[in-house]
Amino acid sequence: EILRRELGDGHPASLGAQQNLSFILQAVGRHDESIGLGRTALAALIERCGEGSLPVADALIRLSASYYEAGNPAEAEALSLRAKAVLERLEPRGFNMSTCLNNLGRIHEERGDLEQGIALHRQAVAIRKELLGDHTETAFSLGNLGVALATAGQWQEAVDTLQEALDCYARAGHTTGPDIEGYRKNLEICRHALKMVAQGTTPQVSDD
């Protein structure tokens, strides 16, 4: 409110604050408020910078995440594709592109289009390895790829990828946390599945 009063609704600082607040509201489950602020910020950025600008692509990705968390993957996908079109022209190997690809990968994966989901996750991993090296964001993308591979029953590559994710986290200085524990659990599930396959038994893995 201070920024709006002192600088105006369309000032970059005001818009940045709106987007940050939208992210926090999303994190605490206040999805309608998060989406409302995100849409307001997006409209102002389009007017200020143009549809095909990097700030608008960033706002589209943020708003997409709000819709995804609110349980609306179709709108999340549409916004992500708009962002991807901008990034392909302006910043095809940037961090925002990796985030966009990661988000689209999860949407395809949850829809059951595992082949496309895995392909998108692979692209996200490649960009983050190139940009960041051993970093928590790289490890996170590796973990997402590993889970997608496990869902597709590609057990050996899933084991290798999830182990790589955990090793990457460790090299980045992180050995505990919700994502790490989740990937560690999935790694054990995949190792168990591999043993079952070796014994000639069909793995029975829960959706968890």
Side-chain angles (χ1 to χ4, degrees), residues 3 9-111 113 116-133 135-145 147-148 165 178-179 182:
L3 288 166
D9 285 342
H11 191 278
S14 302
L15 295 172
Q18 285 184 52
Q19 290 179 293
N20 290 340
L21 179 56
S22 175
F23 176 80
I24 294 167
L25 290 167
Q26 170 196 317
V28 298
R30 293 164 62 178
H31 301 303
D32 288 345
E33 293 173 82
S34 172
I35 288 169
L37 272 176
R39 290 182 68 87
T40 298
L42 174 61
L45 281 166
I46 290 173
E47 182 178 351
R48 183 182 183 90
C49 304
E51 170 78 25
S53 65
L54 288 176
V56 166
D58 181 64
L60 286 165
I61 292 170
R62 289 171 179 250
L63 183 57
S64 170
S66 295
Y67 273 104
Y68 179 83
E69 292 297 329
N72 189 339
E75 186 64 24
E77 181 180 22
L79 291 164
S80 292
L81 288 172
R82 283 173 63 187
K84 184 172 178 284
V86 174
L87 295 169
E88 284 173 341
R89 183 170 55 85
L90 298 179
E91 201 173 69
R93 303 295 291 180
F95 182 77
N96 268 349
M97 177 60 93
S98 72
T99 300
C100 194
L101 292 167
N102 183 75
N103 294 346
L104 287 168
R106 295 181 79 170
I107 291 168
H108 278 274
E109 179 188 345
E110 291 171 10
R111 185 186 294 152
D113 184 4
Q116 181 63 14
I118 289 169
L120 289 161
H121 284 309
R122 288 192 197 280
Q123 292 175 55
V125 167
I127 291 173
R128 289 187 175 182
K129 281 184 174 182
E130 178 184 319
L131 281 179
L132 304 173
H135 190 281
T136 54
E137 294 288 356
T138 307
F140 179 72
S141 281
L142 281 164
N144 283 339
L145 173 58
V147 171
D179 290 330

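Along the sequence shown, the residues carry numbers beginning at 1. Values in this document were obtained by computation on a predicted structure and should not be read as measured data.
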Could you tell me the separation between the [atom1] atom of [X] and the [atom2] atom of [Y], rounded to the nearest 0.5 Å?
X	Y	atom1	atom2	result
Glu33	Leu21	CD	CG	8.0 Å
Cys100	Glu88	SG	CD	8.5 Å
Ile35	Glu69	CD1	CD	10.5 Å
Glu137	Lys129	CD	NZ	15.5 Å
His121	Ile118	NE2	CD1	8.0 Å
His108	Leu101	NE2	CG	10.0 Å

Please report the closest heavy-atom contact between [X] and [Y], naming both atoms and the distance.
X	Y	value
Leu79	Tyr67	CD1-CD1, 3.4 Å
Asp9	Leu15	O-CD2, 3.5 Å
Asn96	Ile61	O-CD1, 3.5 Å
Glu109	Asn144	OE1-O, 4.5 Å
Ser53	Gly50	OG-O, 2.9 Å
Leu3	Ala13	CD1-O, 3.6 Å

As a quick check of understanding, evaluate side chain to side chain donor-acceptor pair (under 3.5 Å) for Arg30 and Ser66, giving each step before the final call.
CA-CA 10 Å; Arg30 293 164 62 178; Ser66 295; over 6 Å; no

How about [X] and [Y]: do any of their side-chain heavy atoms sit closer than 4.5 Å?
X	Y	result
Met97	Leu90	no
Asn102	Leu120	no
Glu77	Arg111	yes
Tyr68	Asn103	no
Leu145	Arg122	yes
Leu87	Leu54	yes
Val86	Val56	no
His135	Arg128	no

Can you check side-chain contact (heavy atoms from CB on, under 4.5 Å) on Arg62 and Asn20, steps first, answer last?
CA-CA 9 Å; Arg62 289 171 179 250; Asn20 290 340; 3.6 Å; yes

N/O donor-acceptor pair under 3.5 Å between Thr138 side chain and Gly133 backbone
yes

Answer yes or no: is there a donor N or O on one side and an acceptor on the other, between the side chain of Arg93 and the main chain of Glu130, under 3.5 Å?
no

Exactly one of Asp58, Thr40, Leu42, Leu37 clears side-chain contact (heavy atoms from CB on, under 4.5 Å) with Gln19, and that residue is Asp58

Checking Val125 against Ser141 for the side-chain contact (heavy atoms from CB on, under 4.5 Å) test, could you report, in this order, the C-alpha distance in whole Å, the side-chain angles of both residues, the deciding distance, and whether it holds?
CA-CA 6 Å; Val125 167; Ser141 281; 3.8 Å; yes

For Glu47, is the CD atom crowded, meaning more than 12 foreign heavy atoms sit under 6.0 Å from it?
no

